[in-house]
Amino acid sequence: MPTYNEPIFTLKRTIIGCKLLNYKHKEIYVLDDTGRAEVKQLAEELGCYYISRSHNTHAKAGNLNNALQQTNGELVVVFDADFVPTTNFLERTIGFFQNNKIALLQTPQNFYNADPISRNLGLEHILNPEEEVFYRQLQPMKDGVESVICAGTSFVVRRSYLEEVGGFVTESISEDYFTGIRLSSQGYEVIYLSEKLSAGLAAESISEHIAQRLRWGRGTLQAFFIKENPLTIPNLTFKQRLAHLEGILHWFNGIPRCLFLMLPFLYSIFNIVFIQITSDEFIYIFLPCYITHLSVFRWLSFKTRSVIFSDIYSLISCFPTSYNSLKVIFNPFNTTFRVTIKGISRNYYVYNFKLALPLIICLIINLISLVVSLFSDPTTVIDFNIGTYWSLYNALIICVALLAFLDKPKPSIYDSFPLRKKIKILASNQVIYGKTLEISEEGATILVNSHNDIPAEFILQLGRLKIDIYLMEKSNNNHQDKKKLRIKFNQLTLQQHQEIIYLLYSHPQRWTSKELKLSPGELVSLRLAVTVLFNFLAILLIPKRRKQAKIMSN
């Protein structure tokens, strides 16, 4: 488990998850690239090996290569510091290595918290994160043409083959991706198991979300400048190269998206006609084509993505990724590796004005374009003024995208999960029955049946687990005989913490039932986008809600 500056509580969660793995012959190593005494102490307390080094040359790849020299297991499993495996991870993966051609097996990256875009828009229970779509739909297709992308965590690799090709690639910050390519070029197989066997922490702010994508983009585009370039490295098939080319070209998609935001302005102000269309052509050609596009998109995505919200997601990062991609082409190795900051909390809203600025400018020019189009005579240039509708659509989705830059408060460093479990409260010679509404590592919200007063401290029995509790908040439910309690765990023992980790993260079936949500249709998506705008306007215009929302600029 490589680590670099992650919080201790995050490391402890992952180490406990690794200790719970159902496999007798395993050894757990904490690879600390910061040499922290508290990490060494934690590893010793939890019965793990601790490896550090005096420098962090080549970042994560160097850290992993350093550990390879000091260990001897034939199969190496890598988990990022925030990824907790389910107890059956090794049971489900190691059997594949009976095939001597297999060098590496990748499992999906699965996140237990909502991505910051859907969370900031208040649509985390409606939208699917981008990673879900990639690991559910794209990775299986890549597996079909033997071009699986190693994602850097939750994978198993054969040591002898890894050492044969020189270890993890150090020339790029995407050491995982290019290590998989290096193994493939030697005739070994890199395969994908589409089964959720671990869960990690997604970026918790919009700035970290975008920074993470910029790092992925920079690492991928460094392919053009290293010998592991999938387009030129020997022994790959044409299909493999084509699949990798798609992944590389993906990082240039933001450039035309940026240009499309400006085209209505150029048309309205300077009469530069990019699309010349009559009203008849619009009705009989454009509309059928667009409706077909919507239908095919929904069919290919198995009804899990909406065109409108996919467009919003792409807008949010199109300017940073476009600039990043161009910068990499001219200077591919000028930045150092930076770990995504995780395990944060905040009690206020934070607006990232710096990242939002390009879209604010685009919003202004599209509003100007819209006003000019409304008061112009469309017949002076073309029969049908498509610029009016284009500007209106751009303005709407830009407004929604801008709201994603407002990070919501996150009062706790721990995430809660909506788990329904039967519980007992043992207090004052009485037993009170109830159920959990949500559980985290620090406490829970429970619903109990009681006419009596609940003491400030009591014992909670959850299955075989008994925990000392103190009451933080109490409120009456809709039913008079039920009370909702917000409780906090009091000094968990290691055994109790292990039970909580097992319940929240490591149960063998914990993530297998987490299916992709059916995305709303385009008309419903449009209504949701408008609703998000009105909710934000309510915060700004209603004094009571404005007072509750402390907004800071970042």
Side-chain angles (χ1 to χ4, degrees), residues 2-5 31 33 56-65 78-83 104 106 108-109 111 130-131 134-135 138-139 142 147-155 157 162 165-185 190 192 200 202-203 207-233 236 240-241 243-255 317-342:
T3 172
Y4 185 88
N5 272 343
L31 315 180
D33 235 7
N56 9 49
T57 306
H58 301 310
K60 182 180 175 181
N63 193 6
L64 290 169
N65 285 335
V78 178
F79 294 108
D80 278 351
D82 59 304
F83 268 81
L104 187 148
Q106 177 67 57
Q109 279 196 24
F111 298 98
E130 292 173 305
E131 294 85 0
F134 176 79
Y135 286 103
L138 295 183
Q139 278 280 54
K142 290 180 178 294
S147 60
V148 170
I149 293 177
C150 177
T153 183
S154 307
F155 69 89
V157 62
L162 186 60
V165 299
F168 290 93
V169 172
T170 57
E171 287 80 6
S172 168
I173 59 175
S174 289
E175 81 294 326
D176 43 11
Y177 176 44
F178 294 111
T179 298
I181 291 173
R182 181 183 280 181
L183 289 166
S184 296
S185 71
V190 177
Y192 180 65
S207 59
E208 289 300 315
H209 175 86
I210 292 178
Q212 186 180 61
R213 271 116 187 103
L214 297 185
R215 187 174 71 246
W216 294 347
R218 174 171 289 277
T220 303
L221 293 176
Q222 286 172 345
F224 292 122
F225 307 95
I226 63 176
K227 61 183 180 181
E228 284 77 19
N229 182 346
L231 306 181
T232 58
I233 194 170
L236 292 189
Q240 286 175 308
R241 296 187 196 280
H244 287 299
L245 177 63
E246 180 275 330
I248 293 172
L249 294 181
H250 163 79
W251 295 103
F252 295 102
N253 288 345
I255 297 175
S317 58
C318 69
F319 280 97
T321 55
S322 299
Y323 175 71
N324 182 68
S325 299
L326 294 175
K327 190 167 65 170
V328 171
I329 296 303
F330 294 102
N331 197 350
F333 302 105
N334 72 330
T335 57
T336 57
F337 183 87
R338 187 179 77 83
V339 174
T340 303
I341 300 174
K342 295 180 179 179

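The model shown is predicted, which means the values in this text are computed figures rather than measured ones.
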Next on the checklist: Using a strict threshold of under 4.0 Å (side-chain N to carboxylate O), is an ion pair present between Glu175 and Arg215?
Outcome noted: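 So Arg215 does not pair with Glu175 through a salt bridge.
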
With a 4.0 Å cut-off on N to O distance, would you call Lys227 and Glu171 a salt bridge?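 Answer for the salt bridge query: no.
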
Write down the atom of [X], the atom of [Y], and the distance for their closest heavy-atom approach.
X	Y	value
Pro108	Tyr192	CG-OH, 3.2 Å
Val190	Gly180	CG2-O, 3.6 Å
Ile173	Gln222	N-OE1, 3.2 Å
Arg241	Thr232	NH1-N, 3.5 Å

Rounded distance [0.5 Å steps], [atom1] in [X] versus [atom2] in [Y]:
X	Y	atom1	atom2	result
Ile181	Ser172	CD1	OG	9.5 Å
His250	Leu221	NE2	CG	10.0 Å
Glu228	Ser184	CD	OG	11.5 Å
Ile248	Thr220	CD1	OG1	7.5 Å
Lys60	Asp176	NZ	CG	6.0 Å

**OP:** Just do the side chain to side chain contact (heavy atoms under 4.5 Å, CB included) check on Thr321 and Phe252 with the steps written out, would you?
**Re:** CA-CA 8 Å; Thr321 55; Phe252 295 102; over 6 Å; no

I want to check something: taking the side chain as every heavy atom from C-beta on, are [X] and [Y] in contact at a cut-off of under 4.5 Å?
X	Y	value
Gln106	Cys150	yes
Pro2	Val78	yes
Leu31	Leu64	yes
Val169	Arg182	yes
Glu130	His209	yes
Ile149	Phe134	yes

Sub-3.5 Å donor-acceptor pair from the side chain of [X] to the main-chain atoms of [Y], do we have one?
X	Y	value
Arg218	Pro332	yes
Ser322	Ile255	yes
Gln109	Ala151	yes
Thr170	Gly62	no
Ser325	Trp251	yes

Ring centroids only, cut at 6.0 angstrom: are His244 and Tyr177 within range, meaning strictly under it?
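Centroid separation for His244 and Tyr177: below 6.0 Å.
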
Taking the six-membered ring for Trp and the single ring otherwise, decide whether the centroids of Phe111 and Phe83 are under 6.0 Å apart.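 Yes, ring centres under 6.0 Å apart.
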
Residue list, side-chain hydrogen bond (donor to acceptor under 3.5 Å, both in side chains) with Asp82, at least two apart or on another chain: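 side-chain hydrogen bond (donor to acceptor under 3.5 Å, both in side chains) list for Asp82, sorted by chain: Lys342.
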
Subject >> Results of ring pair (Phe, Tyr, Trp, His ring centres under 6.0 Å) for Phe319 - residues two or more places apart only >> reply: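 Per chain and number, Phe319 pairs via ring pair (Phe, Tyr, Trp, His ring centres under 6.0 Å) with no residue.
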
Evaluate Phe333 against Ile226 for side chain to side chain contact (heavy atoms under 4.5 Å, CB included), listing each step before the verdict.
CA-CA 11 Å; Phe333 302 105; Ile226 63 176; 3.9 Å; yes

### Audit row: Phe178, Phe168, side chain to side chain contact (heavy atoms under 4.5 Å, CB included) steps and yes/no
CA-CA 8 Å; Phe178 294 111; Phe168 290 93; over 6 Å; no

Residue among Leu236, Leu231, Asn229 satisfying side chain to side chain contact (heavy atoms under 4.5 Å, CB included) with Ile233:
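Considering Leu236, Leu231, Asn229, a side chain to side chain contact (heavy atoms under 4.5 Å, CB included) with Ile233 is found only for Leu236.
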
*Could you go step by step and tell me if Asp33 and Thr3 meet the side chain to side chain contact (heavy atoms under 4.5 Å, CB included) rule?*
CA-CA 6 Å; Asp33 235 7; Thr3 172; over 6 Å; no

